[in-house]
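Shown next, in structure tokens, is the structure this report addresses.
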Amino acid sequence: LGFIDRMNAETSVRVTMAHCVGKAVAEAYRQLPAVNCLIRLGRLYQRRDVDIFFPVALDREGEDMSGAVLRNVDRLPLREVAEQLAHEARVVRSDAGGGFGAFRGDGLVGRLVARAVVRIGGLLLYTLNVWHPALGVPKDSFGGAAVTDLSQFGADLAFPPLLPMARLPFVIGICPITDEPVLEGGAWRTRKTLRLAAVFDHRVIDGVYAGRLSQVLRDVFARPDAYFAETR
């Protein structure tokens with residue numbers, strides 16, 4: 001939190017915990033490239049880049065959602081992550097309804113059409129690895145992991161779902177920062193604590209790699225100056 005305050009005092013772009021968690025996940029993927037995979041035709045397919053998906057609320061209530069994917073987040077300084085996400089969020093909100101979002105699925109027929117479009121799109125983009133600008137969606141629209149800020153919706157602890165169409169092996173939710181009691185030196189005091197609610201596709205990330213991901217995230221947040229301030 002102190003690091004975020006210092007960053008925001010030095011730049012006009014507002015850095016948030018979501019940017020920090022996204023950058024930390026990208027660093028974990030950089031150190032553990034074996035988790036940066038998707039399943040294609042029953043086999044693990046290694047991604048070349050570390051791309052992170054961030055959901056974007058299209059309304060204040062969060063009932064209408066879209067999202068933006070940032071490319072090569074492992075090589076971006078934290079300030080640029082914040083700048084790019086702010087830009088992409090403005091683009092998404094100004095062009096709400098583009099890509100898969102154009103198929104809202106109003107009514108029974110609309111829902112059936114939307115479901116068919118999503119399945120065909122997933123088959124082409126991920127199973128067959130076929131992409132063309134005429135499809136109207138970005139190539140690899142969801143990247144290799146998703147980071148969603150659950151605290152903005154008032155959830156103390158919640159686990160985000162794995163989106164089947166996105167083929168993501170890892171989705172992480174940011175829960176509210178709370179004051180937790182800790183015992184130090186024989187005395188109780190409170191400490192700011194951040195809970196991250198992670199969901200895995202166990203076919204890609206097993207318990208061993210889940211533990212390694214957790215260790216990297218803990219190290220990143222223990223030493224933010226070492227990881228967030230430089231281009232990796």
Open item on the list: Applying a strict under-4.5 Å side-chain criterion to I, L, V, M, F, W and Y, I'd like to know whether V13 and V92 cluster together.
Closed with: no
Task: Interatomic distance, L168 atom CG to I205 atom CD1 [nearest 0.5 angstrom] - done: 10.0 Å
TODO: Verify, without hydrogens or angle tests, whether K23 (side chain) and V73 (backbone) share a donor-acceptor contact under 3.5 angstrom.
DONE: yes
- [ ] Treating Ile, Leu, Val, Met, Phe, Trp and Tyr as nodes and any side-chain heavy-atom pair under 4.5 angstrom as an edge, say whether L213 and M17 lie in one connected cluster.
- [x] yes
Task: Side-chain (T11) to main-chain (M7) donor-acceptor, under 3.5 angstrom - done: no
Open item on the list: To the nearest 0.5 Å, what is the distance between NE2 on H87 and CZ on R90?
Closed with: 7.0 Å
TODO: Tell me, yes or no, whether the heavy-atom count around L1 atom CG, taken from other residues, nucleotides or ligands under 6.0 Å, exceeds 12.
DONE: no
- [ ] Just do the side chain to side chain contact (heavy atoms under 4.5 Å, CB included) check on F142 and V69 with the steps written out, would you?
- [x] CA-CA 6 Å; F142 298 96; V69 61; over 6 Å; no
TODO: Give me the one residue out of L70, L78, L76, I4 that meets side-chain contact (heavy atoms from CB on, under 4.5 Å) with H19.
DONE: L78
Task: Test: R6 cationic atom under 6.0 Å from F3 six-membered ring centre, within 45° of axis - done: no
Open item on the list: Please tell me whether L163 and V21 are part of a single hydrophobic cluster in this structure, the criterion being side-chain heavy atoms less than 4.5 Å apart.
Closed with: no
TODO: Could you tell me whether a side-chain N or O of D206 sits under 3.5 Å from a main-chain N or O of V208, the two making a donor and an acceptor?
DONE: yes
Task: Close side-chain approach of Q84 to F54, heavy-atom, < 4.5 Å - done: no
TODO: Describe, in one word, how the ring planes of F200 and F170 are oriented to each other, choosing from parallel (under 30°), tilted (30 to 60°) and perpendicular (over 60°).
DONE: parallel
Open item on the list: Closer than 4.0 angstrom, basic N to acidic O: yes or no for E88 and R71?
Closed with: no
Open item on the list: Run I39 and L44 through side chain to side chain contact (heavy atoms under 4.5 Å, CB included) and show every step you take.
Closed with: CA-CA 5 Å; I39 296 176; L44 290 178; 3.9 Å; yes
- [ ] Compare every heavy atom of V220 with every heavy atom of A24, then report the nearest pair and how far apart it is.
- [x] CB-CG1, 3.7 Å
Task: Exceeds 12 heavy-atom contacts within 6.0 angstrom, atom CZ of R203 - done: no
Open item on the list: With a 4.0 Å cut-off on N to O distance, would you call D179 and R191 a salt bridge?
Closed with: no
Open item on the list: Would you say I174 ends up clustered with I177 if hydrophobic residues are merged whenever their side chains have heavy atoms under 4.5 Å apart, either directly or through other cluster members?
Closed with: yes
TODO: Give a yes or no answer on whether the side chain of D156 reaches the backbone of C175 with a donor-acceptor pair at less than 3.5 Å.
DONE: no
TODO: Please test L217 against I172 for side chain to side chain contact (heavy atoms under 4.5 Å, CB included), starting from the C-alpha separation and ending with a verdict.
DONE: CA-CA 11 Å; L217 293 176; I172 192 165; 4.1 Å; yes
- [ ] Would you check if the side chain of D5 reaches a backbone N or O of N8 as a donor-acceptor pair within less than 3.5 Å?
- [x] no
Task: pair E180-R195: side-chain heavy atoms closer than 4.5 Å - done: yes
Task: V15 side chain near R79 side chain, heavy-atom distance below 4.5 Å - done: no
Open item on the list: Could you go through D74 and Y29, starting from their C-alpha distance and side-chain angles, then the distance that decides it, and tell me whether this counts as side chain to side chain contact (heavy atoms under 4.5 Å, CB included)?
Closed with: CA-CA 8 Å; D74 58 317; Y29 269 40; over 6 Å; no
Task: Path from L194 to I52 over hydrophobic side-chain contacts below 4.5 Å - done: yes
- [ ] Check whether any side-chain heavy atom of V35 lies under 4.5 Å from a side-chain heavy atom of P169, and answer yes or no.
- [x] no
